[in-house]
Amino acid sequence: MAGGAVWLANCLKRLPDALRPTKVNGRWRKPEFSALQIARIRKAGGSVEMDAALAEVRPRKEPRAPKPPKGRKSDRLKPERLAKVESNLARQPELMAKMKEQRVAQALVKAKKNAMGNPTI
């Protein structure tokens with residue numbers, strides 16, 4: 001058991017640096033301890049030290065705020081639609097007057113054509 005304790009002590013001495021990947025001559029090297037070795041060190045009794053070293057080397061990422069739900073397109077565009085309806089309702093009296101003028105003008109043109117008769121060739 002003394003050999004196991006020495007092995008564990010040696011592993012714990014190298015801890016923070018042995019968990020980091022290193023860059024040597026422009027190339028990345030794997031960390032000294034693999035996931036299996038980390039598990040064995042934890043099992044042998046170095047779990048507290050290992051967890052502290054891992055927290056130092058690989059800090060937890062902060063979770064992103066969730067996006068708001070997108071919703072239905074019809075619900076998103078409803079205010080625009082209602083604004084358009086309101087503006088068209090406000091313009092309706094002038095559009096009705098314009099349409100009546102056009103109808104009167106068309107009736108006059110039709111009456112002129114009918115007054116000319118149906119010429120036969």
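Computed from a prediction, not measured in an experiment: that's the story for all the values here. In what follows, every heavy atom counts, from backbone to side chain, and hydrogens, waters and symmetry copies are set aside.
- Here the side chains of L15 and L12 are in contact, with some heavy-atom distance below 4.5 Å.
- Interatomic distance, R40 CZ to W7 CH2, rounded to the nearest 0.5 Å: 8.0 Å.
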Enumerate, atom names and distances included, each donor-acceptor pair closer than 3.5 Å involving a side-chain atom of residues 92-99, sequence neighbours excluded.
none

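- Of all the heavy atoms in K84 and S87, the pair that sits closest is O-OG, 2.8 Å.
- In terms of the salt bridge (charged side-chain N to carboxylate O under 4.0 Å, His left out) criterion, residue partners of R42 (sequence neighbours excluded) are, by chain and number, D51.
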Can you give each donor-acceptor pair under 3.5 Å made by side-chain atoms of residues 53-77, sequence neighbours left out, with the distance rounded to 0.1 Å?
| residue | atom | partner | partner atom | Å |
| --- | --- | --- | --- | --- |
| E56 | OE2 | R20 | NH2 | 3.4 |
| R76 | NH1 | G71 | O | 3.1 |

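- Under the rule for a side chain to side chain donor-acceptor pair (under 3.5 Å), R29 has no partner lying at least two apart in sequence or in another chain.
- With a 4.5 Å cut-off on side-chain heavy atoms, L82 and E86 do not count as touching.
- Residues L19 and M50 meet the side-chain proximity criterion, which asks for heavy atoms closer than 4.5 Å.
- Note that CG of L89 and CZ of R91 are 11.0 Å apart. Values are rounded to the nearest 0.5 Å.
- In this view, E32 and R14 satisfy the salt bridge (charged side-chain N to carboxylate O under 4.0 Å, His left out) rule, not counting sequence neighbours.
- For I41 against C11, the heavy-atom pair with the smallest separation is CD1-CB, 3.8 Å.
- Remark: Q37 engages no residue in a side chain to side chain donor-acceptor pair (under 3.5 Å) (not counting sequence neighbours).
- Across every non-hydrogen atom of P21 and W28, the tightest pair is O-CZ3, 3.7 Å.
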